Amino acid sequence: SHGEIISLFDAIVTGLKTSAAEAAEQLVVTKQPLDIIEEQLIPALDQVGYDFETGVLFLPQLLMSAEAARAAFEVLRGKLDVDGQKTRKAKVILATVKGDIHDIGKNIVKILLQNYSYEVIDLGKNVLPADVVKTARNEQVHLVGLSALMTTTVENMEETIRQLRKDVPACKIMVGGAVLNAEYAARIGADFYAKDAMGAVRYAEQLFE
Ligand code: B1M
């Protein structure tokens with residue numbers, strides 16, 4: 001629309017919201033939304049996370065980058081048209097655990113599950129274990145997906161799993177987030193570790209086939 005177009009990666013790293021949305025608009029003309037997310041959006045946020053950790057960037061810049069990523073994601077989400085016509089598959093609860101407000105990854109998982117016709121009950125971020133348990137019980141949900149991005153909040157993920165096991169034993173639990181790996185996920189009692197959003201879909205497909 002104006003000026004020169006910078007790459008989505010650069011727009012996110014430098015925290016330019018409008019440029020990020022414009023770059024995303026350009027990219028979706030020729031590329032799949034999910035490929036754009038994997039090839040540019042996530043690597044850019046990884047770069048930002050690294051720069052933040054090493055003291056190159058500070059919190060205001062981290063926030064601006066997150067806003068830019070969100071703006072791009074809004075554009076891409078619009079192109080991943082969720083098909084409301086298809087028959088509904090199972091219900092899945094998603095939540096970012098207590099103490100954690102990182103929700104970009106969870107939102108990607110949500111869009112993908114919806115795209116595969118699952119009915120997602122999104123409890124949002126910073127969700128108390130009791131709220132996950134209550135919803136799983138009341139809505140008779142058989143799959144709960146939990147996300148955590150920080151070493152300090154994985155404990156709350158573990159606590160959420162513990163309470164789910166006790167009160168809703170039939171419920172399967174998948175977990176994800178950059179701070180986890182398969183080994184750690186197993187140690188805190190999860191049924192499945194999803195490395196990425198597509199992994200979450202594959203697990204659901206296998207569970208509900
Ligand atoms: Co913060 N942050 N942040 N942050 N942030 C991290 C996580 C951090 C690793 C950065 C760093 O220091 N290197 C670090 C945690 C360190 C640690 O615990 N060891 C950190 C910190 C410290 C903080 C604050 C404490 C900073 C402060 O205030 N001093 C603060 C915490 C606030 C809180 O939660 N209480 C904070 C705040 C923020 C922002 C608000 C600015 C923003 C979040 C905005 C938002 O989410 N709405 C932000 C961001 C953007 C990041 C980084 C840079 C990027 C995270 C992200 O969105 N990645 C992050 C560094 C990093 O991860 N490289 C960082 C992209 C996203 C698509 O990936 O979430 O991993 P991810 O999701 C993937 C997979 O993991 C998987 O699928 C997704 C798609 O492939 N997946 C699932 C995720 N969840 C899943 C669930 C599933 C299945 C798959 O099933 C249920």
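Numbering of ligands and ligand atoms starts at 1, following listing order. Small disclaimer: the values here were computed from a predicted structure and weren't measured.
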Can you find an N or O of Lys106 that's nearer than 3.5 Å to an N or O of ligand 1? no
Protein non-hydrogen atom found under 4.0 Å from atom 39 (C) of ligand 1: no
Atom indices of ligand 1 within 4.0 angstrom of Gly145 heavy atoms, with elements: 91 (C)
Okay, side chain of Asp100, backbone of Leu149: is any donor-acceptor separation there less than 3.5 Å? yes
Does Met64 offer a backbone N or O that forms a donor-acceptor pair with the side chain of Lys17 under 3.5 Å? no
Can you find an N/O atom of Gly49 closer than 3.5 Å to an N/O atom of ligand 1? yes
Sub-4.0 Å protein heavy atom next to atom 91 (C) of ligand 1: yes
For ligand 1, does Thr151 get within less than 4.0 Å through its side chain, its backbone, both, or neither, judged by non-hydrogen atoms? both
Atom 1 (Co) of ligand 1 has as its nearest N, O or S atom from His102 the atom NE2
Can a protein heavy atom be found under 4.0 Å away from atom 86 (C) of ligand 1? yes
What do you reckon, does Leu62 have a nitrogen or oxygen under 3.5 Å from a nitrogen or oxygen of ligand 1? no
Salt bridge (Lys or Arg N to Asp or Glu O under 4.0 Å) assessment of Lys89 paired with Glu119: CA-CA 7 Å; Lys89 294 181 192 163; Glu119 184 179 338; over 6 Å; no
Close N or O approach (Ile101, ligand 1; < 3.5 Å): yes
Kindly say whether Ile12 contributes a backbone atom to a donor-acceptor pair with the side chain of Ser65 at under 3.5 angstrom? yes
Pairing of Lys98 and Glu159 as salt bridge, 4.0 angstrom limit: no
Any nitrogen or oxygen of Ala66, side chain or backbone, less than 3.5 Å from one on ligand 1? no
Yes or no, since that's all I need: does a protein heavy atom fall within a distance strictly under 4.0 Å of atom 44 (C) of ligand 1? yes
side-chain hydrogen bond (donor to acceptor under 3.5 Å, both in side chains) between Glu205 and Tyr118, intermediate numbers included: CA-CA 10 Å; Glu205 294 282 274; Tyr118 290 94; 2.6 Å; yes
Those atoms of ligand 1 less than 4.0 Å from some heavy atom in Ala197: 77 (O), 79 (C), 80 (O)
May I ask you to identify, for Leu41, whether its side chain, its backbone, both or neither come under 4.0 Å of ligand 1 on a heavy-atom basis? neither
For Asp196, take its heavy atoms, then give the atoms of ligand 1 lying under 4.0 Å from any of them. 76 (C), 77 (O), 80 (O), 89 (C)
With a cutoff of 4.0 Å, is Glu38 in contact with ligand 1, counting heavy atoms of the residue only? no
Looking only at atom types and distance, does a side-chain atom of Gln40 sit under 3.5 Å from a main-chain N or O of Phe9, one as donor and one as acceptor? yes
Is Val179 close enough to touch ligand 1? Criterion: a residue heavy atom under 4.0 Å from a ligand atom. no
Just by distance, do the side chain of Asn107 and the backbone of Asp103 share a donor-acceptor pair under 3.5 Å? yes
Which of the atoms of ligand 1 are close to Gly177, meaning less than 4.0 Å from one of its heavy atoms? 75 (O), 81 (N), 82 (C), 83 (C), 84 (N), 85 (C)
Using a 4.0 Å cutoff against the non-hydrogen atoms of Leu59, which atoms of ligand 1 qualify? 26 (C), 27 (C), 28 (O)
Quick test: of every protein heavy atom, which one is nearest to atom 46 (O) of ligand 1, and how far off is it to 0.1 Å? Asp103 N, 2.7 Å
If you measure from each non-hydrogen atom of Val109 to ligand 1, which part falls under 4.0 Å: side chain, backbone, both or neither? side chain
Among all protein non-hydrogen atoms, which one is nearest to atom 55 (C) of ligand 1, and what is the separation to 0.1 Å? Leu149 CD1, 4.2 Å
Would you say the side-chain atoms of Gln163 pair up with the backbone N or O of Thr160, donor to acceptor, closer than 3.5 Å? no
Looking only at distances, please establish whether an N/O atom of ligand 1 is found under 3.5 Å from an N/O atom of Tyr50. no
Quick one: look at Leu45 and ligand 1, take heavy-atom pairs under 4.0 Å, and tell me if it's side chain, backbone, both or neither. both
Can you tell me which portion of Lys125 lies within the under-4.0 Å heavy-atom range of ligand 1? Options are side chain, backbone, both, or neither. neither
For a side-chain contact (heavy atoms from CB on, under 4.5 Å) check, start with the C-alpha distance between Asn126 and Thr96, then their side-chain angles and the critical distance, and finish with the verdict. CA-CA 6 Å; Asn126 188 20; Thr96 297; over 6 Å; no
Is a side-chain N or O of Thr153 found less than 3.5 angstrom from the main chain of Met150, in a donor-acceptor match? yes
How are the rings of Phe192 and Tyr203 set to each other: parallel, tilted or perpendicular (split at 30° and 60°)? parallel
Should you measure from each heavy atom of Glu53, which atoms of ligand 1 turn up under 4.0 Å away? 11 (C), 12 (O), 13 (N)
Closer than 4.0 angstrom, basic N to acidic O: yes or no for Asp191 and Arg165? yes
Output yes when a protein non-hydrogen atom is found under 4.0 Å of atom 8 (C) of ligand 1, and no otherwise. no
